[in-house]
S.K.: 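Take a look at the following structure, please.
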Amino acid sequence: MNRRNSLNFSGGPGVLPETVLQQVQDAIQEVPGVGLSLLGISHRSDWFAAVVAEAEANVRKLLGLGDDYHVLLLQGGATQQFSMVPMTLLRGKTEAAQYLHTGYWSSKALPEARREGPMQVAWSGESCGFTRLPVDSELDFSAQAAYLHYVSNETVEGLQFQRVLGRDDVPRVCDMSSDFLSRPCEAERFSLIYAHAQKNLGPAGVTLVLVRDELIRDITDDLPGFLSYGVQARAHSNYNTPPVFAIYVTLLVTRWLLHDIGGVESMDVINRCKAATLYGLLDASDGFYRGRAAPQDRSLMNVAFNLRTAELEQRFLAEALAAGFSGLGGHRAIGGLRASIYNALTLQSVQELAGFMQDFQRRCP
Ligand SMILES: *Cc1c(COP(=O)(O)O)cnc(C)c1O
């Protein structure tokens, strides 16, 4: 079996740039200029303070984010944010928060919000099997809502919003875990953005939260310190021992995005080209490959598709794996097939997969 990291189409944790993996390997032995292993450096060292400062600065630069936002590096994954958001913004409130129910991951956020306060599902795609996203005429955003929460890219179903939703006078909260820094996102129109690292940005263990200061400034929450945005912000993401390894790798990925790729606009051009390669192939396959998402809502990150039968899908997966392509199975919740083409997956790798898919179709009349 000839498997290569560059052919890892997994939905997450995702592929990382080769140059980053090489630097991490070296840093596990000895961080340049420090003389210690990355795994044994104090989180109270000047070196680590500089790592956090540069990671923050790089994210600000990539998104054009002003000083009125905190950039937090937290633990607990996106799942902890499903709770931390309503704990902070909904507890004790009488006005409901509005949530969009557009797929697997947004549905995980709903019960956590209900636990904390009034919550209203503003739209649900359940009745159409989460094969499309809402159009504006189906949405009624309340001016009184505590906030609006949605997921920008539904990783499992392969659905991605191509516009910013909601009203400018209601705080927007967005889970961007699977498309963060993959394209420009008008970050300053959001009051809070969260994204764990392990899809597009680094290894599991760190979650980025960008939060507008005014959203949390006057809140006198009674939360455990670990779960308080204010406490975490005042501690500069160093409240307790942070995941130094995950944060360092994330820093290297932000450097790669800035210096090797040239920023999120350039990343977006590459990502569009990758997605067009695969969707073009699906559309030209005479129904052999069947795209799951409605064409107007197709994700640039996760290309979910089916074959005629489950048996054929199993054969596809086995032959793909033997040819070196890994991670192409759909999420366990819905099955089928899915090619995740996160930032670090190269256009060349996508073209190689497309070649394999065309060949597979020729062999399966
Ligand atoms: C993968 C994923 C999650 C789950 O994140 P954890 O870090 O495992 O809690 C949440 N939201 C989205 C959009 C995801 O893709």
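Counting starts at 1 for both ligands and their atoms, following the listed order.
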S.K.: Which ligand 1 atoms, with their elements, are less than 4.0 angstrom from a heavy-atom of K199?
M.R.: 1 (C), 2 (C), 3 (C), 14 (C), 15 (O)
S.K.: In the protein, which heavy atom is nearest to atom 9 (O) of ligand 1, and how far is it?
M.R.: T79 OG1, 2.5 Å
S.K.: Name all residues meeting the ring pair (Phe, Tyr, Trp, His ring centres under 6.0 Å) criterion together with Y150; count only those two or more places apart in sequence or in a different chain, and write none if there are none.
M.R.: F161
S.K.: Does only the side chain of F180 get under 4.0 Å from ligand 1, or the backbone, or both, or neither? Count heavy atoms.
M.R.: neither
S.K.: In this structure, is the centre-to-centre distance between the rings of Y99 and H149 below 6.0 Å?
M.R.: yes
S.K.: Using a 3.5 Å cut-off on N or O atoms only, is G77 in polar contact with ligand 1?
M.R.: no
S.K.: Could you go through Q23 and R255, starting from their C-alpha distance and side-chain angles, then the distance that decides it, and tell me whether this counts as side chain to side chain donor-acceptor pair (under 3.5 Å)?
M.R.: CA-CA 12 Å; Q23 292 173 74; R255 280 185 190 160; 4.7 Å; no
S.K.: Run the contact test for Q81 against ligand 1 with a 4.0 Å cut-off on heavy atoms, strictly below, and give the result.
M.R.: no
S.K.: Which atoms from ligand 1 have a heavy atom of V151 less than 4.0 Å away?
M.R.: 13 (C)
S.K.: For the residue pair F305 and Y289, categorise the inter-ring angle as parallel (less than 30°), tilted (30 to 60°) or perpendicular (more than 60°).
M.R.: perpendicular
S.K.: Just to confirm my output: which protein heavy-atom neighbour is closest to atom 10 (C) of ligand 1, and how far is it?
M.R.: A78 CB, 3.4 Å
S.K.: Tell me if the aromatic rings of Y229 and H70 count as close, with their centers under 6.0 Å from one another.
M.R.: no
S.K.: Is there any N or O on Q198 that sits under 3.5 Å from an N or O of ligand 1?
M.R.: yes
S.K.: Could you tell me which residues satisfy side chain to side chain contact (heavy atoms under 4.5 Å, CB included) with P171, sequence neighbours excluded, listed by chain and number?
M.R.: Y147, S191, L215
S.K.: For atom 13 (C) of ligand 1, what is the closest protein heavy atom, and at what distance to 0.1 Å?
M.R.: D175 OD2, 3.4 Å
S.K.: Provide the number and element of each atom of ligand 1 under 4.0 Å from a heavy atom of S178.
M.R.: 15 (O)
S.K.: For atom 6 (P) of ligand 1, which protein heavy atom lies nearest, and how many Å away is it?
M.R.: H196 ND1, 3.4 Å
S.K.: Run the side chain to side chain donor-acceptor pair (under 3.5 Å) test on H101 and S124 for me, step by step, so that the C-alpha distance in whole Å, both residues' side-chain angles and the decisive distance to 0.1 Å come before the verdict.
M.R.: CA-CA 5 Å; H101 184 205; S124 175; 2.9 Å; yes
S.K.: Would Q162 and R183 count as having a side-chain donor-acceptor pair, cut-off 3.5 Å?
M.R.: yes
